[in-house]
**Q** 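Below is the structure I would like to discuss, written out as C-alpha cells.
Chain identifiers are assigned alphabetically (A, B, ...) following the order of the sequence lines, protein sequences preceding nucleic acid strands; residue numbering begins at 1 within each chain. Atoms considered below: every heavy atom in the structure, side chains included; atoms not considered: hydrogens, waters and symmetry mates. Note that the structure is a prediction, hence the values are computed from the model and not measured.
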Protein chains: 2
Amino acid sequence: MGGSTAAPFVTLRGEAELVRRAGDLIASAREEYLCGATDLVTWSAGTNAVFDGGRRPPLRPGPGGLAMRKVYTRRALGDPESERRLARIAASGAQVRISSAPLAREAMVIDGRVAILAGSEARGARTYTVVREPDVVEGIRSLLYATWEAAEDLAGCLGSADRPVLDEESRAVLGALAAGLTDEAAARRLGMSLRTYRRRVAALMADLGATSRFQAGVLSRRAG
Amino acid sequence: MGGSTAAPFVTLRGEAELVRRAGDLIASAREEYLCGATDLVTWSAGTNAVFDGGRRPPLRPGPGGLAMRKVYTRRALGDPESERRLARIAASGAQVRISSAPLAREAMVIDGRVAILAGSEARGARTYTVVREPDVVEGIRSLLYATWEAAEDLAGCLGSADRPVLDEESRAVLGALAAGLTDEAAARRLGMSLRTYRRRVAALMADLGATSRFQAGVLSRRAG
DNA sequence: CCCGAACTGGCAGCAACGTGCCACCCCCGA
DNA sequence: TCGGGGGTGGCACGTTGCTGCCAGTTCGGG
C-alpha cells in the first residue's frame with residue numbers, strides 16, 4: 001500500500017508526513033472508514049487534504065459501498081462555523097454522530113485492516129501511529145465502533161448548542177420534578193411559592209416544547 | 001514486568017498462557033485497571049484466576065488507589081447468576097457499568113501502560129495480544145474510557161432484566177404519553193376508553209415506580 | 001347452566017396541574 | 001420624588017389527571 005512498510009506499526013510525525021505516507025492508505029478505504037475525534041480542528045485538516053485531492057471513492061450508503069462513520073464529542077459543536085462544517089460532512093454521505101464521552105485521542109480504522117492513532121501533542125508536531133496487526137486493529141475497531149454505537153446522531157444534537165447553559169434554579173426544578181414530588185412539596189423544598197414554582201415548570205416546558213409533563217420528562221432526559 | 005519481553009506486542013494463545021505470561025502484568029495494576037468485555041464467560045475466568053491468587057492489590061476507591069473500571073454489555077445481565085457475580089464484583093470495590101453498544105472484542109488497559117486485546121475465537125484457543133507501544137496503548141485507553149463514560153452504572157441496570165418484554169399495547173401507551181397527547185386524545189387514538197387508558201398509565205407508572213408523570217417520562221426514557 | 005375471574009366502560013369525586021388577574025415589592029432611571 | 005419594568009405571591013377558576021365504585025361483557029371450568 002503506497003510506500004509504507006509492512007511493519008507491525010509505524011510512527012509518523014506531523015500531519016504533513018501523515019498525508020504523505022498514509023494518504024494512499026486513507027484514500028484506499030473501500031468498505032468502512034471509521035473515525036473518532038474530539039473536534040474538527042485537529043486531524044481533519046490532514047485527512048481532508050487527502051480527500052480533497054479527488055482520491056476519495058464515492059460514498060455509497062447502500063450495501064457494498066463505503067460506509068463513512070465519524071464520531072465527535074460535543075466540543076465539535078458550540079460555534080456555528082463548526083456546526084456548518086459538520087452538516088456539510090453529513091450531507092456528503094458520511095454518518096456523523098456526537099458522543100457524550102470525551103475522546104482524548106483521535107482514532108481511525110480503515111476497512112478493519114489498518115488503524116491510525118494520534119499521539120500526544122507534545123514537542124510541537126503531533127505523532128500518528130499506523131497499526132496493521134490484525135488483532136490489535138480489530139480490537140481498536142471494536143472499541144471505536146462501540147463508541148460510535150453509543151453516540152447520538154448529529155441531527156439530534158444540532159440545535160442543542162444554544163441551551164447548554166441551564167439556570168441553576170431550573171436544574172433544581174428539574175430535579176424536583178424528576179424526584180416525583182408534588183408541586184406543593186417541591187415548592188416548599190425549593191423555598192418558593194407554589195405559584196412561582198409552577199411558573200418555572202411552565203417556562204421549562206415551553207423551552208422543551210412539551211405539552212405534557214410526561215413528554216417534558218422524556219425530553220429533559222434526552223437533553224440531559 | 002515479570003518475564004515478558006519489551007517487544008511492541010506479543011501474541012499469547014489461550015487463557016492459560018495469558019495467565020502464565022501476563023499474570024504478573026495484570027496483578028501489577030496500581031492506578032487504573034480498565035476493562036471491557038461483552039459478558040463474564042470469556043476473559044474473566046483467566047483474570048479472576050490471577051486475582052484469586054491473592055495478588056490483587058487492595059482496591060482503594062479514593063485518589064491514589066487502584067481504580068477498577070469494568071464495562072460489560074447487556075449480555076452480561078440476563079440471568080440471575082450473572083447478575084449476582086456482577087453485584088459481587090461491584091461490591092468488591094470495582095466500578096461496573098453496562099454499555100448499550102456491543103463490545104466485539106475484549107480489551108483491557110493497565111495503568112495506561114499496557115493494553116491486552118482479545119483476538120478471534122478461531123482455531124479453538126483464543127489469542128490475546130499484549131501491546132506496550134505508548135501511543136497505541138493510550139489510543140486504546142482513550143476509546144475504552146469513552147465507552148466506559150458513555151455506559152450506564154450497573155445499579156441503574158440491575159432490575160432491567162425482567163422487563164425487556166414490554167407489552168405491545170404498553171408501548172403504544174408510552175408513545176402516546178411521549179407524544180404529549182392529553183389522555184382524552186390518546187384514548188381516542190388508541191381506540192380505548194378514557195378509563196382504560198388511565199388504567200394503563202397507572203399500571204405503567206406502578207411498574208416504573210414513578211409517582212408523577214414527569215418522573216415516569218424520565219424513567220421510561222432511561223429504560224428505553 | 002351457573003359461577004367466578006378478569007377485563008372493560010361509565011360515573012363521580014377528589015387531587016393535582018395550568019393560568020389569568022391583581023396586589024405587592026424592589027430596583028433603576030428620570 | 002415619581003413612575004415603570006420585572007419579578008413574586010395570593011387567589012380564583014378551569015382543565016387535566018387519578019381512583020374507587022358499580023354495571024356489563026367475555027371466557028373457562030365445574
**Q** Could you tell me how far apart A:Phe214 (CZ) and C:dC17 (C1') are, to the nearest whole angstrom?
**A**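 Interatomic distance, CZ of A:Phe214 to C1' of C:dC17: 17 Å.
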
**Q** Roughly, in whole Å, what's the span from CE in B:Met205 to P in D:dT19?
**A**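 Taking CE of B:Met205 and P of D:dT19, I get 7 Å after rounding.
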
**Q** About how many Å separate CE of A:Met68 and CD of A:Gln95, when rounded to the nearest 0.5 Å?
**A**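 Atom-to-atom, A:Gln95:CD and A:Met68:CE are 11.0 Å apart.
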
**Q** Nearest 0.5 Å, please: how far is CG in A:Leu40 from CZ in A:Arg84?
**A**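 Rounded to the nearest 0.5 Å, the CZ-CG separation comes out at 12.0 Å.
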
**Q** A:Arg213 CZ to C:dT19 C1': how many Å, rounded?
**A**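 After rounding, the gap between these two atoms is 13 Å.
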
**Q** Check whether B:Asp111 reaches the backbone of B:Glu32 with its side chain - one donor and one acceptor, N or O, closer than 3.5 Å.
**A**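 Confirmed, B:Asp111 side chain pairs with B:Glu32 backbone.
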
**Q** By side chain to side chain contact (heavy atoms under 4.5 Å, CB included), which residues pair with B:Ser100, not counting sequence neighbours?
**A**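 Result, side chain to side chain contact (heavy atoms under 4.5 Å, CB included) vs B:Ser100: none returned.
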
**Q** Nearest whole Å is fine: how far is D:dG9 P from A:Asp183 CG?
**A**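 Checked: the CG to P distance equals 14 Å.
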
**Q** How would you list, by chain and number, every residue that makes a side chain to side chain contact (heavy atoms under 4.5 Å, CB included) with A:Ser99, sequence neighbours excluded?
**A**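 Residues passing side chain to side chain contact (heavy atoms under 4.5 Å, CB included) with A:Ser99: A:Val71, A:Ala101, A:Thr147, A:Ala151.
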
**Q** N/O contacts under 3.5 Å, protein versus nucleotides 7-14 of chain C?
**A**
residue : atom : partner  : partner atom : Å
C:dT8   : OP1  : B:Arg200 : NH2          : 2.8
C:dT8   : OP2  : B:Arg200 : NH2          : 2.8
C:dG9   : OP2  : B:Ser193 : N            : 3.4
C:dG9   : OP2  : B:Ser193 : OG           : 3.3
C:dG9   : OP2  : B:Thr196 : OG1          : 2.3
C:dG9   : N7   : B:Arg199 : NH2          : 2.6
C:dG9   : O6   : B:Arg199 : NH2          : 3.3
C:dG10  : O6   : B:Arg195 : NE           : 3.2

**Q** Closer than 4.0 angstrom, basic N to acidic O: yes or no for B:Asp183 and B:Arg198?
**A**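 So B:Asp183 pairs with B:Arg198 through a salt bridge.
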
**Q** Taking CG from B:Leu181 and C1' from D:dT16, how many angstroms apart are they, rounded to a whole number?
**A**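 It works out to 14 Å between those atoms.
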
